[in-house]
> 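Take this structure first; my questions come after.
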Amino acid sequence: MIRICASEDVPKGTAISADVDGTQIALVHGEDDQFYAVFDECSHAAVALSEGEVEGCTLECWLHGSRFDLRTGEPTGLPATEPVPVYPVEVRDGDIYVSLTPSNGVTR
Ligand code: FES
């Protein structure tokens, strides 16, 4: 797993964008207090999901409003229909680590 940042760098209810070995990920601190990582591009068009709104354990695409479940990568509403890759996250000693092997089997 690759260290991204300290957990305090991502306040609850926000998302940041990070380059992990050439893969852009959106690292999210959900309102359920869990950390999530997804590929930082909407499956509908090439828009950064990290710039969208966090709600609960979902992230909303700011362009057309599709909301992605951060546990599964699945959109919960149109216009996006395809899931985004979800990456495993671990918090160890106050630092956040991500693996680039998608946990939901979705590749980009
Ligand atoms: S670009 Fe994300 S919903 Fe259209």
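One-based numbering along the sequence shown. Values reported hereafter were calculated over all heavy atoms of this structure, with side chains retained and with hydrogens, waters and symmetry mates removed.
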> Examine V20 and Y87 and state if one hydrophobic cluster contains both, with Ile, Leu, Val, Met, Phe, Trp and Tyr joined whenever side-chain heavy atoms are less than 4.5 Å apart.
yes
> Knowing that exactly one of V84, L27, V106 qualifies, which makes a side-chain contact (heavy atoms from CB on, under 4.5 Å) with V38?
V84
> Would you say that H64 contacts H44 through its side chain, given a criterion of any heavy-atom pair below 4.5 Å between the two side chains?
yes
> Run through V98, I96, I4 and flag the one making a side-chain contact (heavy atoms from CB on, under 4.5 Å) with F35.
I96
> To the nearest 0.5 Å, what is the distance between CD1 on I16 and SG on C5?
4.0 Å
> To the nearest 0.5 Å, what is the distance between CG (D95) and CE (M1)?
13.0 Å
> How about E53: does its CD atom have over 12 heavy atoms from other parts shown lying under 6.0 Å from it?
no
> Are V91 and L70 linked, directly or through other ILVMFWY residues, by side chains that come within less than 4.5 angstrom of each other?
no
> I need the minimum non-hydrogen distance between F68 and E82, along with the two atoms involved.
CE2-O, 3.7 Å
> Spell out, yes or no, whether V10 and L49 are grouped together once hydrophobic residues are joined by side-chain heavy atoms under 4.5 Å, including indirect joins.
no
> Can you name the nearest heavy-atom pair linking S50 to L59, along with the distance?
N-CD2, 4.4 Å
> If every non-hydrogen atom of D21 is compared with every non-hydrogen atom of D19, which pair is closest and at what distance?
N-OD1, 3.7 Å
> Does either side chain, that of S66 or that of E60, offer a donor lying less than 3.5 Å from an acceptor on the other one?
no
> When rounded to the nearest 0.5 angstrom, what is the spacing between SG in C61 and CD in E51?
9.5 Å
> Could you measure the distance from the CZ atom of R108 to the CD atom of Q24? Nearest 0.5 Å is fine.
9.0 Å
> Shortest non-hydrogen contact from Y36 to C57?
OH-CB, 3.6 Å
> Scan side-chain atoms only and decide if D69 and T76 contain a donor-acceptor pair under the 3.5 Å cut-off.
no
> Using the side-chain contact (heavy atoms from CB on, under 4.5 Å) definition, which of the options I25, T23, T107 pairs with F39?
T23
> Kindly compute the distance separating OG1 (T14) from NZ (K12), expressed to the nearest 0.5 Å.
11.5 Å
> So does V86 get a backbone contact from the side chain of N104, meaning a donor-acceptor N/O pair under 3.5 Å?
yes
> Please check if the side chain of D40 supplies one atom and the backbone of S17 the other of a donor-acceptor pair under 3.5 Å.
no
> Could you tell me whether R67 and E55 have a side-chain N and a carboxylate O separated by less than 4.0 Å?
yes
> Report yes or no: does S43 contribute a side-chain atom to a donor-acceptor pair with the main-chain N or O of A80 at less than 3.5 Å?
no
> Hydrophobic clusters here meaning ILVMFWY residues chained together by side-chain heavy-atom distances under 4.5 Å, can you tell me if W62 and V54 are in one?
no
> Main chain of G13, side chain of H29: is a donor-acceptor contact present, judged purely on distance under 3.5 Å?
no
